[in-house]
Protein chains: 2
Amino acid sequence: MKHIADSTVRRLSVYLRYLEEHAARGGVTTSSEDLAHYAGTTSAQVRKDLSFFGSFGTRGLGYSVAELTAKLEDILGLGREWKVVIVGAGKIGSALSTYRGFAQRGFRVIAVYDNDPRKIGSRWDDQVVRPIADLEDDTARDRPDIAVLAIPADDVQPEVDRIVRAGISAILNFAPAQVQVPAGVTLKNVNMAMELEGLSYALRNRDD
Amino acid sequence: MKHIADSTVRRLSVYLRYLEEHAARGGVTTSSEDLAHYAGTTSAQVRKDLSFFGSFGTRGLGYSVAELTAKLEDILGLGREWKVVIVGAGKIGSALSTYRGFAQRGFRVIAVYDNDPRKIGSRWDDQVVRPIADLEDDTARDRPDIAVLAIPADDVQPEVDRIVRAGISAILNFAPAQVQVPAGVTLKNVNMAMELEGLSYALRNRDD
DNA sequence: GCTAACTTGTGAAGGATTTCACAAGCTCGG
DNA sequence: CCGAGCTTGTGAAATCCTTCACAAGTTAGC
């Protein structure tokens with residue numbers, strides 16, 4: 001299949017959230033116009049995004065909420081369960097696991113690691129925090145799909161290398177540090193500092 | 001000034017982080033090639049990004065780390081202090097405030113709000129958690145620049161409306177919900193669920 | 001002072017993404 | 001069964017962003 005832009009995939013997530021909310025309100029059908037309004041884009045954009053994957057609507061009528069939900073879940077790979085490990089038993093990891101829809105969307109936390117002896121062994125939600133040294137053996141056994149990296153900014157790269165070496169090929173990095181991964185490993189960064197700086201830039205340049 | 005792409009501003013943040021790390025290692029000069037390698041882009045991109053704001057390098061030599069750092073800080077609006085309020089005294093807000101470089105980059109938390117009576121009044125870092133009802137009066141008095149919204153996904157919009165009404169015009173939203181803001185208000189969303197779904201999509205479509 | 005070696009800054013080209021605009025297809029009412 | 005009214009799906013156009021390629025400016029060595 002043709003390469004799909006990152007921006008398109010992100011919007012699909014937003015559309016899916018709208019569909020869920022709309023269904024919860026009892027909505028049975030929707031339109032590209034509704035979806036666009038919710039997502040802050042245009043109806044043409046919505047239709048173009050969907051058109052990369054097929055045609056899911058009915059001309060004149062719109063989209064069936066149930067059908068489009070199913071299609072988007074399939075496209076986004078949410079039809080199955082993904083095993084997630086969290087590296088770094090801090091506040092962010094904890095916040096992540098309590099996010100509504102995290103587990104419900106098929107992301108199951110199967111292990112939490114830390115290198116702080118004071119944290120290791122403590123209960124943490126329904127997990128016991130394990131020493132980071134266990135990562136390799138655990139990964140060989142349990143084959144997690146995704147690693148969430150939620151440790152302080154220092155020495156992030158060694159941990160990434162360890163995760164990659166262990167055989168996990170998708171990483172969500174919350175540390176405000178740039179890391180390198182080999183080809184074949186998918187990396188996403190969530191960087192609060194960068195977002196704040198984006199706001200700072202916007203405020204600074206308000207009058208243009 | 002001509003409109004600057006969001007992607008450009010984000011990269012400027014990355015360049016700035018490299019400069020800080022490089023300076024800490026004793027680096028005095030750098031090049032577009034170095035910056036590009038760190039940021040995972042190309043040297044042409046780096047030079048183009050910078051060229052929107054001026055010419056800060058010396059042909060044949062590269063960039064002075066100190067000079068370019070100062071320029072980027074100025075461009076990003078980090079030359080001054082921004083007053084930040086955090087709405088939602090949960091784990092994310094707490095994690096945010098302990099991020100290194102948060103305070104140091106000029107983002108000062110001046111208040112924390114929550115609507116949970118059990119949290120109100122409790123100490124939280126060096127702040128006392130205040131009732132959300134105080135937001136309007138506090139804002140009129142203290143004139144914060146940025147609101148960080150770190151509350152659960154339900155009922156985010158009313159809180160956004162309240163923040164906007166109070167007169168804050170930059171919002172960083174951590175709730176996994178789409179919110180609407182009027183023109184003139186800058187909104188950034190950080191959405192962990194969306195990032196995970198992006199990874200899910202990548203994993204699902206690995207063999208293409 | 002001249003040449004070789006570098007690296008920036010930037011128009012122009014290329015590629016990617018968004019927007020436009022409209023034909024195609026569906027439903028409903030009469 | 002037909003026409004009016006909608007809304008989708010999609011080529012084409014427009015816009016935006018990245019990459020290319022090279023002139024221009026700088027330093028260092030001789």
Side-chain angles (χ1 to χ4, degrees), chain A residues 1-15 18-19 22 27-72 75 198 201-202 205 208, chain B residues 1-15 18-19 22 27-72 75 198 201-202 205 208:
Chain A
M1 176 189 289
K2 199 178 154 302
H3 176 255
I4 301 296
D6 216 62
S7 49
T8 293
V9 177
R10 300 175 74 84
R11 281 191 299 267
L12 295 182
S13 276
V14 178
Y15 304 156
Y18 172 74
L19 291 172
H22 192 53
V28 172
T29 63
T30 189
S31 66
S32 57
E33 194 54 62
D34 290 348
L35 286 159
H37 181 256
Y38 178 84
T41 182
T42 65
S43 62
Q45 179 75 79
V46 172
R47 296 196 299 276
K48 183 63 90 180
D49 286 340
L50 297 177
S51 77
F52 293 129
F53 302 95
S55 47
F56 310 129
T58 308
R59 292 170 192 225
L61 262 196
Y63 302 91
S64 148
V65 170
E67 255 179 54
L68 189 54
T69 299
K71 288 292 186 187
L72 288 182
I75 290 166
Y201 174 83
N205 298 80
D208 296 2
Chain B
M1 175 188 290
K2 198 177 153 299
H3 177 255
I4 301 296
D6 216 61
S7 49
T8 292
V9 177
R10 300 176 75 83
R11 282 191 299 268
L12 295 182
S13 276
V14 178
Y15 304 155
Y18 172 75
L19 291 171
H22 192 53
V28 172
T29 63
T30 189
S31 66
S32 57
E33 193 55 61
D34 290 348
L35 286 159
H37 181 257
Y38 178 84
T41 181
T42 65
S43 61
Q45 179 74 78
V46 172
R47 296 197 299 276
K48 181 63 86 180
D49 286 340
L50 297 177
S51 77
F52 294 129
F53 302 96
S55 46
F56 310 129
T58 309
R59 293 170 191 226
L61 261 197
Y63 302 90
S64 148
V65 170
E67 256 180 51
L68 189 54
T69 299
K71 288 292 186 188
L72 288 182
I75 290 166
Y201 174 82
N205 297 82
D208 296 2

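Since the model is a prediction, treat every value here as computed from it, not as a measurement. In what follows, chains are A, B, ... by sequence order, proteins preceding strands, each numbered from 1.
As rounded to whole Å, 16 Å separates atom P of C:dT7 from atom CG of B:Leu68. Rounded to a whole Å, the CG atom of A:Asp49 is 13 Å from the P atom of D:dT8. One atom, CD of A:Glu33, and another, P of C:dT19, lie 13 Å apart when rounded to the nearest Å. One interatomic measurement links the two molecules: CD of B:Glu67 to P of C:dT8, which rounds to 14 Å at whole-angstrom precision. Note: CZ (B:Phe56) to C1' (C:dT7) measures 17 Å, nearest angstrom. The distance from atom NZ of B:Lys2 to atom P of D:dC17 is 7 Å, rounded to the nearest whole Å. Rounded to an integer number of Å, the gap from CG of B:Asp6 to P of D:dC17 is 9 Å. Straight-line distance from the CZ atom of A:Phe53 to the P atom of D:dT8: 18 Å, rounded to whole Å.
Both A:Thr41 and A:Leu61 lie close to DNA chain C; mapped to their nearest nucleotides by heavy-atom distance, the more 5′-ward contact belongs to A:Thr41.
Here B:Ser32 does not reach the OP1 or OP2 of C:dG9: none of its side-chain N or O atoms lies under 4.0 Å away. Taking side-chain N and O atoms only, A:Ser51 has no distance below 4.0 Å to OP1 or OP2 of D:dT8. Applying the 4.0 Å criterion to OP1 and OP2 of C:dT17, one finds that A:Gln45 has every side-chain N and O outside that range. A:Ser31 has no side-chain polar atom (N or O) that falls below the 4.0 Å cut-off from OP1 or OP2 of D:dT7. Considering only side-chain N and O atoms, A:Thr42 lies under 4.0 angstrom from the phosphate OP1 or OP2 of C:dT19. Dashed line: the shortest gap from a side-chain N or O of A:Arg11 to OP1 or OP2 of C:dT18 is under 4.0 Å.
In this structure, the nucleotide among D:dT18, D:dC22, D:dG9 sitting nearest to the side chain of B:Ser7 is D:dT18. Distance from the side chain of A:Lys48 is smallest for C:dT19 among the nucleotides C:dT19, D:dT8, D:dT26. Distance from the side chain of A:Arg47 is smallest to C:dC22 among D:dT26, C:dT10, C:dC22. Comparing C:dA21, C:dT8, D:dC17 against the side chain of B:Arg59 picks out C:dT8 as the nearest. Closest approach to the A:Tyr63 side chain among C:dA21, D:dG9, C:dT8 is made by D:dG9 (side chain taken as heavy atoms from C-beta onward).
At the heavy-atom level, A:Ser43 lies nowhere under 4.0 Å from the strands shown.
Of the possible polar contacts, none joining the A:His37 side chain to the A:Ser43 backbone as a donor-acceptor pair under 3.5 Å is found. Checking side-chain atoms of B:Thr58 against main-chain N and O of B:Leu61 turns up no donor-acceptor pair under 3.5 Å.
The closest side-chain heavy-atom distance from A:Arg10 to A:Val14 is not below 4.5 Å. A 4.5 Å side-chain heavy-atom check between B:Val9 and B:Ile75 finds every atom pair outside the cut-off. Side-chain contact between B:Leu12 and A:Tyr201: absent, with no pair of heavy atoms (C-beta onward) separated by less than 4.5 Å.
In this structure, A:Tyr18 and A:Tyr38 have tilted ring planes: the angle between them lies in the 30° to 60° band.
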